[in-house]
Protein chains: 2
Amino acid sequence: MAKFDAGPPITRPALRRDEVVSGIKDYIVRNQLRPGDPLPTEAELCEAVGASRSSVREAVKTLSALDIVDVRHGHGTYVGRMSLNALVESLAFRGLLTSEDDHLVLGQVVEIRQTIEQGLAPQVADGLDDEQLATLRRLADGMAEAAERGEDYLELDRQFHLLLMEPLHNDLIQQLTGAFWEVQSIVTPTLGAAHKEALTLTASLHLAIVEAAEAHDIAALRNAVAAHYAPIRELIASAKSVKA
Amino acid sequence: MAKFDAGPPITRPALRRDEVVSGIKDYIVRNQLRPGDPLPTEAELCEAVGASRSSVREAVKTLSALDIVDVRHGHGTYVGRMSLNALVESLAFRGLLTSEDDHLVLGQVVEIRQTIEQGLAPQVADGLDDEQLATLRRLADGMAEAAERGEDYLELDRQFHLLLMEPLHNDLIQQLTGAFWEVQSIVTPTLGAAHKEALTLTASLHLAIVEAAEAHDIAALRNAVAAHYAPIRELIASAKSVKA
DNA sequence: CAGGATTTGTACGTATGTATT
DNA sequence: CAATACATACGTACAAATCCT
């Protein structure tokens, strides 16, 4: 333990795989490639970077996990869409890991979602056009009907929250909204199954959001959003206290 | 090798690697492992999942990219910290790709950062204690001094924005703040080098944020945050118009 | 400090599954 | 259906890093 060899410079071991990762990234930027554009085959990449197939494959798998490249079996390798899928994977797994004890990550995700939607209330309240408002109402009505039948309405809920962010014309916010929604929908089941009353209540809270938006009432919209997240927050809090 | 067809009538298109990925994830949750806990060696994983070392390694590399596992050469494989590093990698690369044309992603990142900081202004304004406020002022002063010397102050800026979010006691928001900051700091240089005047101006805008926070004035804080992001937004806008 | 044991990293060869022509 | 091009998977051997005796 007492050997603190400060002598040699701290040059990185420079793993072959990491060099290949950088090489592929460089290739994409140098050639101005866009999502969907084809990349050289594995064999060509080996030749170009001077590495074995093993190293190239591992590098490609790393980039594939980040959605920087997209590999299609028997077809080829292409530039990926760089979605936020990696964020979802990582966060969802973190959420599942901590769900047994407290539901720490789930609570944090809910808080972020609420923060973003409340923070953007001004742009949302006067950015939604009539058609979007009509669609929102239709979605909220659909939730209520599904709840009445005792069914859940995951997809309706997802579309609702995505549409709410549409007036911002910011792809990144849209994708973040979708990512957090997905994380929540993956982790929430660890809290237990939803009751029919909870479904009905949540559906009505979505309708309240629509009505606030229709009135272009920013403060009301903020309150409606907060009310919408209240039930899930209580669920999380009660799960915590049960454990203690 | 058509002598394996005694079992399932439908042959799965399931890739070996993906099975290993799920297997490792399951192993972690089943054994309630926490970040830093050791995982079986590659050889043991091969035995456990019944896959070759190549497949196991590629699976591990996928999980490694998401920071779900952490591999140390010559030492072993451990449960990772599930940081938002994957988000940074993916977004930063996307930003670099689109930087040549417009600076679309950069603009979106800036907008998100501003949205979050403005949206959380209430909690920030009355959540910061005196010590935190003092530290913020010290950081802002440090920026001004650095600017005077013509130096940049990346690390001070990062600490400033992280500290600003500290009163929320929400790890995820902290990490998101750090992640977006990092993406911006990676992509911004494509706009060109910063002038000394810009550095001085931005430093003073940070000081304005501190003063608004000290006064616990929510509206002033929101305005100060907006003003803080105004210069970079103008830079991005002017870069766009130049191209057009 | 040396050297062996353990573990991950790299390379190569071969066979198989998959999609296009 | 055949041929071709490509990714996938397995197995083995050796190199490099880390730890421990």
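Per chain, numbering begins at 1; letters A, B, ... match sequence-line order. All heavy atoms count here, side chains included; hydrogens, waters and symmetry mates do not.
- With sequence neighbours left out, A/Arg233 forms a salt bridge (Lys or Arg N to Asp or Glu O under 4.0 Å) with no residue at all.
- Contact check of residues 35-44 of chain B against DNA chain D (heavy atom, cut-off under 4.0 Å) returns no residues at all.
- Salt bridge status for B/Glu42 with B/Arg53: present, with a side-chain N to carboxylate O gap under 4.0 Å.
- Within the 4.0 Å cut-off from OP1 or OP2 of D/dC19, at least one side-chain nitrogen or oxygen of B/His75 is found.
- Rounded to whole Å, the distance from CZ on A/Arg53 to P on C/dT16 is 17 Å.
- Atom CD in A/Glu19 sits roughly 14 Å away from atom P in C/dG9 (whole-Å rounding).
- As rounded to whole Å, 11 Å separates atom P of D/dC10 from atom CZ of B/Arg17.
- One interatomic measurement links the two molecules: CZ of B/Arg72 to C1' of C/dT8, which rounds to 13 Å at whole-angstrom precision.
- For A/Gln132 (side chain) and A/Asp129 (main-chain N/O), a donor-acceptor pair under 3.5 Å exists by modelled atom type.
- Atom pair B/Lys61:NZ and C/dG9:C1' shows a separation of 8 Å (rounding to whole Å applied).
- Along DNA chain C, the nucleotide nearest A/Gly50 and the nucleotide nearest A/Gly74 are compared for position; the residue whose nucleotide lies closer to the 5' end is A/Gly50.
- Of the candidate nucleotides D/dA9, C/dA11, D/dT8, C/dA11 has the atom nearest to the side chain of A/Ser52.
- For the pair A/Glu19 and A/Arg16, the salt-bridge criterion is met [side-chain N within less than 4.0 Å of a carboxylate O].
- C/dA11 atom P lies 14 Å from atom CG of A/Leu45, rounded to whole Å.
- Between the CZ atom of B/Arg16 and the C1' atom of D/dA7 there is a distance of 16 Å, rounded to whole Å.
- Judged purely by distance below 3.5 Å, without hydrogens or angles, the side chains of B/Tyr229 and B/Glu111 never pair a donor atom with an acceptor atom.
- Base engagement by B/Ser54 is indicated by at least one non-hydrogen atom pair under 4.0 Å involving a base atom.
- A donor-acceptor contact under 3.5 Å links the side chain of B/His73 to the base of C/dT8.
- For C/dT7, the OP1/OP2 oxygens have no side-chain nitrogen or oxygen of B/Thr77 closer than 4.0 Å.
- Within 6.0 Å of CZ in B/Arg81 there are 12 or fewer heavy atoms belonging to other residues, nucleotides or ligands.
- Here the C1' atom of nucleotide D/dC6 and the CZ atom of A/Arg57 are 10 Å apart, to the nearest Å.
- B/Tyr153 contributes a side-chain N or O that, together with a main-chain N or O of B/Leu199, makes up a donor-acceptor pair within less than 3.5 Å.
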